[in-house]
Amino acid sequence: MFDSNKVKLGIAPIAWTNDDMPKLGEENTFEQCISEMALAGFTGSEVGNKYPKDTQVLKKALGLRNIQIASAWFSSFVVSRPFEEVAKEFINHRDFLFEMGAKVIVVSEQSKSIQGKIDVPIFKGKPYFTDDEWKLLAEGLENLGKLAAEKNMKIVYHHHMGTGVQTAMEIERLMDMTSPDLVYLLFDTGHLVYSGEDPEYILKKYIHRIKHVHLKDIRENILHMIRNEDLSFLQGVKNGVFTVPGDGCIEFEPLFKILDENNYEGWFIVEAEQDPDLANPLEYAIKARNYIKVMTNL
Ligand SMILES: O=C1C[C@@H](O)[C@H](O)[C@@H](O)C1=O
Ligand SMILES: [Co+2]
């Protein structure tokens, strides 16, 4: 039984307005987004591009709806840019999240990433880090982890399609090269299955390093189409490769069981970016909330 004081349920704004493709859902307002999150029964959110930057304004709007900020994505470039430059941006991001009461910071290395390149096939175009780049990555992330620790926060690394840390082997390499006290892991069900990995394997292996969870499901037929037609990550999203948990091919029951048995503490964030014109965000948020209720005691 999950302890509802220790495991909280949030949803990402990316189903309303997509940060990777801001045109997708640009008509949906910030207020509509957070009101619908609350209406569907969620008490947490990550931060989207329409959220007010002023923490007082943001706190007031969220407080009215009983929603907390769980975290927000940070694109790091520790492999390709001077560390001081990255650190400056990271500290601003960290301080914003600290002020909003978040405990974890989602970090994903975007040097060489193709996730935002609409014309690059997601499978054939996948980038790889050289040995030297791996060293820069590990050192840079540990240093970001130290900066997070100054505020009693943690960085949770987001493995991601189209980046240098996508596969199980790459996740293992990163975990091996970094201190477990400085670099934690974000477990994203959708990205692991998309890449062809076994999510149970990663979850079991790193359960004590996993401090944040993104719940997204995969439409298998669209995944096959992406492979067969050499589509890019963003084309895949537009075509509906991602959906909410329970609506695709991923088996969530064993994953929840592992998390529960190991007393996972932190957020479950439903994160299912798709075209809001085709998949009504409120309808899918309610669908996700109901599924999680059935699968867990939350
Ligand atoms: O956590 C995430 C943030 C998005 O911007 C990203 O592309 C999405 O797929 C994801 O998992
Ligand atoms: Co994610």
Side-chain angles (χ1 to χ4, degrees), residues 9-26 33 42 44-51 69-77 93 97 102 104-118 120 122-123 125-127 155-167 170-171 184-195 197 199 202-203 206 210-219 222-223 226 231-245 248 250 252 255 266-276 279 281 284 288:
L9 206 53
I11 186 162
I14 199 162
W16 282 264
T17 307
N18 193 310
D19 277 347
D20 298 338
M21 265 180 298
K23 283 263 163 231
L24 215 56
E26 72 176 341
C33 170
F42 291 91
S45 168
E46 291 193 355
V47 180
N49 63 44
K50 293 212 168 173
Y51 283 39
I69 289 298
S71 189
W73 172 280
F74 179 76
S75 293
S76 67
F77 288 91
H93 187 80
L97 284 178
V104 295
I105 306 167
V106 177
V107 174
S108 181
E109 178 66 19
Q110 290 300 303
S111 302
K112 295 175 129 178
S113 169
I114 57 151
Q115 78 182 65
K117 298 194 172 159
I118 191 93
V120 181
I122 189 65
F123 286 104
K126 185 202 173 305
I155 62 162
V156 284
Y157 191 84
H158 197 317
H159 55 88
H160 201 288
M161 287 301 295
T163 71
V165 186
Q166 170 189 308
T167 65
E170 289 163 342
I171 294 170
Y184 297 84
L185 188 62
L186 181 156
F187 177 69
D188 187 313
T189 53
H191 281 276
L192 285 169
V193 172
Y194 197 145
S195 175
E197 319 303 322
I202 291 294
L203 185 58
Y206 296 112
I210 290 171
K211 301 292 173 196
H212 202 55
V213 173
H214 281 175
L215 299 171
K216 62 211 296 166
D217 212 335
I218 292 280
R219 291 191 178 98
I222 310 293
L223 185 55
I226 293 168
L231 299 186
S232 67
F233 181 69
L234 297 180
Q235 286 165 334
V237 169
K238 276 200 196 166
N239 278 286
V241 68
F242 293 132
T243 183
V244 292
I250 299 182
F252 282 91
L255 305 178
W267 285 94
F268 287 157
I269 300 291
V270 170
E271 185 195 49
E273 63 260 47
Q274 41 189 337
D275 184 344
Y284 274 79

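Whatever order the structure lists them in is the order used to number ligands and atoms, beginning at 1.
- Ring-centre distance between His191 and Phe242: below the 6.0 Å cut-off.
- Closest non-hydrogen pair, Gln274 versus Leu24, comes out as O-CD2, 4.3 Å.
- Just one of Gln115, Gln166, Gln110 meets the side chain to side chain donor-acceptor pair (under 3.5 Å) condition when paired with His160; it is Gln115.
- With no hydrogens or angles considered, a side-chain donor-acceptor pair links Ser76 and Glu109 at under 3.5 Å.
- In this structure the side chain of Trp267 never reaches within 4.5 angstrom of the side chain of Leu9, judged on heavy atoms.
- Qualifying side-chain contact (heavy atoms from CB on, under 4.5 Å) partners for Val120, counting only residues two or more places apart in sequence or in other chains: Ile114, Lys117.
- Below the 2.8 Å limit, the Co ion (ligand 2) has as protein N, O or S neighbours His158 NE2, Asp188 OD2, His214 ND1, Glu271 OE1.
- Here Lys50 does not pair with Glu26 in a salt bridge; the nearest charged N to carboxylate O distance is not below 4.0 Å.
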N/O donor-acceptor pairs under 3.5 Å from side chains in residues 233-240, not counting sequence neighbours:
| from | atom 1 | to | atom 2 | distance (Å) |
| --- | --- | --- | --- | --- |
| Gln235 | OE1 | Ser232 | N | 2.8 |
| Gln235 | OE1 | Ser232 | OG | 3.2 |
| Asn239 | ND2 | Gln235 | O | 2.8 |

Would you please test Trp73 and His93 for ring-ring contact (aromatic ring centres under 6.0 Å, His included) and show each step? CA-CA 9 Å; Trp73 172 280; His93 187 80; 9.8 Å; no
Report all N/O contacts between ligand 1 and the protein shorter than 3.5 Å as a table of atom names and distances to 0.1 Å; if there are none, say 'none'.
| from | atom 1 | to | atom 2 | distance (Å) |
| --- | --- | --- | --- | --- |
| ligand 1 | 1 (O) | His158 | NE2 | 2.8 |
| ligand 1 | 1 (O) | His214 | ND1 | 3.2 |
| ligand 1 | 1 (O) | Glu271 | OE1 | 3.3 |
| ligand 1 | 1 (O) | Glu271 | OE2 | 2.5 |
| ligand 1 | 5 (O) | Asp20 | OD1 | 3.1 |
| ligand 1 | 5 (O) | Asp20 | OD2 | 3.2 |
| ligand 1 | 7 (O) | Asp20 | OD2 | 2.4 |
| ligand 1 | 7 (O) | His160 | NE2 | 3.0 |
| ligand 1 | 9 (O) | His160 | NE2 | 3.4 |
| ligand 1 | 9 (O) | His191 | NE2 | 2.9 |
| ligand 1 | 9 (O) | Lys216 | NZ | 3.1 |
| ligand 1 | 9 (O) | Glu273 | OE2 | 2.5 |
| ligand 1 | 11 (O) | His158 | NE2 | 3.1 |
| ligand 1 | 11 (O) | Asp188 | OD2 | 3.1 |
| ligand 1 | 11 (O) | His191 | NE2 | 2.9 |
| ligand 1 | 11 (O) | Lys216 | NZ | 3.0 |
| ligand 1 | 11 (O) | Glu271 | OE1 | 2.8 |

